[in-house]
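A short write-up of the structure that comes next.
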Number of protein chains: 2
Amino acid sequence: MKRPTLEAVAARAGVSRATVSRVVNGQLTVTPQIRDAVMRAVDELGYVPNSAARSLVTQRTDSIALVVSEPPTRVFSEDPMFSTVIRSASLELEAADKQVVLMLAGSPTSHARIERYIASGHVDGVMLISMHGADPLPAAIARMGVPVVSYGRPAVPVPLPFVDNDNVGGAEKAVRHLLDRGRRRIATIAGPQDMIGGQDRLAGYRNALRESDRRSIVAVGDFTRESGAIAMRHLLEDDPQLDAVFVGNDLMAIGALQTLRQSGRRVPDDVAVVGFDDIEAARYTEPPLTTIRHPIIEQASAMVRLLLGMFKGGPAAPVILPTELVIRESA
Amino acid sequence: MKRPTLEAVAARAGVSRATVSRVVNGQLTVTPQIRDAVMRAVDELGYVPNSAARSLVTQRTDSIALVVSEPPTRVFSEDPMFSTVIRSASLELEAADKQVVLMLAGSPTSHARIERYIASGHVDGVMLISMHGADPLPAAIARMGVPVVSYGRPAVPVPLPFVDNDNVGGAEKAVRHLLDRGRRRIATIAGPQDMIGGQDRLAGYRNALRESDRRSIVAVGDFTRESGAIAMRHLLEDDPQLDAVFVGNDLMAIGALQTLRQSGRRVPDDVAVVGFDDIEAARYTEPPLTTIRHPIIEQASAMVRLLLGMFKGGPAAPVILPTELVIRESA
DNA sequence: AACCGTTCAGAGAGCGCTCTCGGCGAATCC
DNA sequence: GGATTCGCCGAGAGCGCTCTCTGAACGGTT
C-alpha cells in the first residue's frame, strides 16, 4: 500500500519515466495518444508527485515563509490585523500556486530555528511581518540570498524591499482634520517608539502641529487598549483643558474613550478623538470612532506581488500605500 | 556561491559523508575527536542540511498542515479565536520541532489543491479546523493514510479523532445560571445550524430548559455581531416580555446588547444576557458580558499532543474539555 | 601466537524525480 | 532518391541525503 511512483505509472502506461514526467508537468512535446494513456495511468493509480524528490532536483519548493515577529507586548495576536494580513497574503499566494508556511518568531530560541529552516531550502522566499524595531531577523535572512520582503518599513535601515502604508501622512491627515474642526489643544497618544508605526504616526502628528504653531501634548502607550486608557488619564492630568486627541491606533483609542467617559467628558463635544487603523470594533464604539483607514488587504497583496516579481528578476522598490480619513462621530 | 553539501563538509573535515551525517544527526558512535573536526567544518562552511534530500530518504518532513476551513460567512478571520488557535498550536508544535504549514480552505478550488498537497507528502500530519458542517475535507484526508486530528467535533460522523470543548454542557451551565437568577422567559440566539458549535449550544439550551419546563424561544444568527443584533430584534418582537437571552457566541451577544440598548431595555435589570466564548471584547461591553469560557489555548495544545501521540502509535481517542461560567454584570 | 568480539569509519546503493542528450522514424528539401 | 531536418521518446546521470553493510583496527581471551 505504498504511494505509486513515476516508475509505476510509466510501467502501467508502457512508456518511460521521462515521458510520464513530461505529461505530469504539462509539456507539449508528447503525442496526444501517449499523453492520454499516461493520464489514464495516473488516474488509475492515484499518482501524486513526491514533492521532496521534485524539489531536490528543481531547487524550488513553491512555498513561501510568512514570518511573524511578535512585538514585546503580546497583543499582536489579539489584533485583528494579524489574521487579516495572513489571510489575504495566503489567498494571493494560493492564486499563484504557492504554499504558505507560517512561522512565529516569538520566543528567543525561535530565531535560530527560523534561520535554519530558511537556510535548509524549505522555502523560495520570505515575507516578514515585524513591527518590532530592533529585530535582527530581517538582516539575517537577507544575508542568505533568499528573496525577502517586509510588511511595514523595517525600523533599522536595512536594504530590504517593503510595502507600507503612509503612516506619517495618515497621522497628518488626522491632526489636520482636528484642526479644521477648530480644535485648539490637540494631544496624542503615541504607540511604542520601538515600533515603526509608533514612530511614524507620532512624527505625522508633530508635522501637522508644527505647521499650525500649536504645542504638542504627548503620552505614550503600547498599542493595547489598556495602555490607551492609562495614557488618556495622564493626558487629562497634564492638561485638563485639552479638546482633542489623536490616538496612534484604534485599540488604544477605545481605551481612551473609556477613560474620557469615566472622567465625565463628552465625545466629541468636549474632547474629539481620532484613531488609526479602522479596525472593525471602531464602528461599534460609543460614539463610533473617527479613524484613519489603511488598506491592509491591499498592502498584503502588494507584498505578495512584490515578492513574486522578485522571483522573476523584477525590481524591488518599496511600495507605499495611501491612507484615508474615515469620519464617524468621535471627531 | 552555492550552499555547501555534506560532501563538501566531509572533504574539509577529511572524513566520509556517512560520518558527517552521523555527527549532524547526533549519533554517539563517533569518536569525540572526529566529531569535533566535523563540527568545526560545519561551522566554517555554514552547512545546513538540505531538507528536500533528507526527507526524500527519511520519508518525514517534520511539518504539519494546519488546514482552516472557513465557514460560509466570512467572519471567521475577524474572530479572535482564529489567531489564538493558530498561535497556540504553532507554539506547541514549535516546541516539538515541527513546522506549521498554514492552509486556508476557503475557495471551492482549494479542496483539490489541499488534497494534492497533502498527498504529495509535504506534511507528516494534518490538523483540521473546520467549524463547517458538510465539509468533505476531513473524510478525504483521512482516506489518504495521513494522521489527522480535528479541532472541534466533525459535524458529519466521520471516524476522526478530535478535541472539542463541552458546548452542550457550557450552554446548559449558562441557562441554568439564568434560571438560578430567577429568570422566567429565557430566549436564545443560536449559531448557524450547519456548524457543530451552533448545533450543540442550542441543544444545551434546550436540555436545560426542558428540565425546568420553560418554553424555548429561539432565533438563529450566523455568529456575526450584526446577525446578533437582528436576531435580538426578532426575539423582542416575538416576545416583548422576555427577561433573559442566552447567545451562542460573544460576537452575537455584543450585537444583541446593542439592540437591547436601542430598544430601551436595561441590562441586566430588564433582560439578562449570557454569551459564549469569553473573547476579549466581552470584558469591555456595556455592561461587561457574562459568558462561558472555554480554554481555546488548551484545546489547541491538546490537539497538537493528540496528533503527536498518534505518530508514536498512541491512542486516538477524542478529548472533551470543560467550560467555565464567567460571571460579569450582564447576567 | 592465534582467535574472537567489539567499536567505529567508509563504501555504495537508493530515495523519486527532472533534464540533457542521443537515437530513431517521419517529414522535408534539393 | 539520398541528405537533412525535425519531432518525439528513452536512457541515464545526478540532485543531497540516509542507512545498511563491510571491513579495519584494537583489546582481550585461550
Side-chain angles (χ1 to χ4, degrees), chain A residues 1-42 45-63 116-124, chain B residues 1-42 45-63 116-124:
Chain A
M1 184 49 205
K2 274 195 61 197
R3 274 228 303 287
T5 68
L6 253 204
E7 191 77 51
V9 177
R12 179 164 195 119
V15 295
S16 72
R17 257 189 357 259
T19 302
V20 179
S21 176
R22 276 188 271 262
V23 171
V24 169
N25 291 296
Q27 289 190 26
L28 317 103
T29 64
V30 180
T31 316
Q33 194 176 342
I34 293 194
R35 205 182 108 89
D36 287 348
V38 171
M39 304 257 274
R40 213 173 315 118
V42 166
L45 296 175
Y47 170 74
V48 179
N50 179 306
S51 57
R54 175 177 279 176
S55 65
L56 178 58
V57 33
T58 58
Q59 309 280 28
R60 282 181 304 101
T61 62
D62 290 329
S63 27
R116 276 221 335 272
Y117 189 80
I118 294 172
S120 74
H122 269 105
V123 294
D124 298 340
Chain B
M1 185 51 205
K2 275 195 59 196
R3 275 227 302 288
T5 69
L6 254 203
E7 191 78 50
V9 176
R12 179 164 194 121
V15 296
S16 75
R17 255 185 6 255
T19 302
V20 178
S21 176
R22 275 189 271 262
V23 171
V24 168
N25 291 295
Q27 288 191 26
L28 319 102
T29 64
V30 179
T31 316
Q33 195 176 342
I34 294 193
R35 204 182 108 88
D36 288 347
V38 171
M39 302 258 274
R40 212 173 316 119
V42 166
L45 296 176
Y47 171 74
V48 178
N50 178 305
S51 57
R54 176 178 277 176
S55 65
L56 179 59
V57 34
T58 58
Q59 308 280 29
R60 284 180 304 100
T61 61
D62 290 329
S63 29
R116 276 222 336 274
Y117 189 81
I118 294 172
S120 74
H122 269 106
V123 294
D124 298 340

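For the numbers below, each heavy atom of this structure counts, side chains included, while hydrogens, waters and symmetry mates do not. Letters A, B, ... are given to chains in the order of the sequence lines, protein chains preceding strands, and every chain is numbered from 1.
Nearest-nucleotide positions on DNA chain C for Gln59(B) and Ala18(B) put Ala18(B) closer to the 5' end. Where Gln27(A) and Thr29(B) meet DNA chain C, the nucleotide closest to each residue was compared, and Thr29(B) sits on the side nearer the 5' end.
If you measure from atom CG of Asn50(B) to atom P of dC15(D), you get 12 Å, rounded to the nearest angstrom. In this entry the distance linking CG of Leu28(A) with C1' of dG7(D) reads 13 Å, nearest Å. To the nearest angstrom, P of dG16(D) lies 20 Å from CZ of Arg60(B). Rounded to whole Å, atom C1' of dT7(C) lies 15 Å from atom CD of Gln33(B). For the pair Glu7(B) CD and dG16(D) C1', the computed distance is 9 Å after rounding to whole Å. Look at CD1 on Ile34(B): it is 10 Å from P on dC8(C), rounded to the nearest Å. Tyr47(B) places its OH atom 3 Å from the P atom of dC17(D), with the value rounded to the nearest Å.
Of the candidates dT18(C), dT18(D), dG10(C), the closest approach to any side-chain atom of Ser16(B) belongs to dG10(C). Closest to the side chain of Thr31(B), out of dT18(D), dA9(C), dC19(D), is dA9(C). Of all nucleotides listed (dG14(D), dC19(D), dC9(D)), dG14(D) comes nearest to the side chain of Val57(A).
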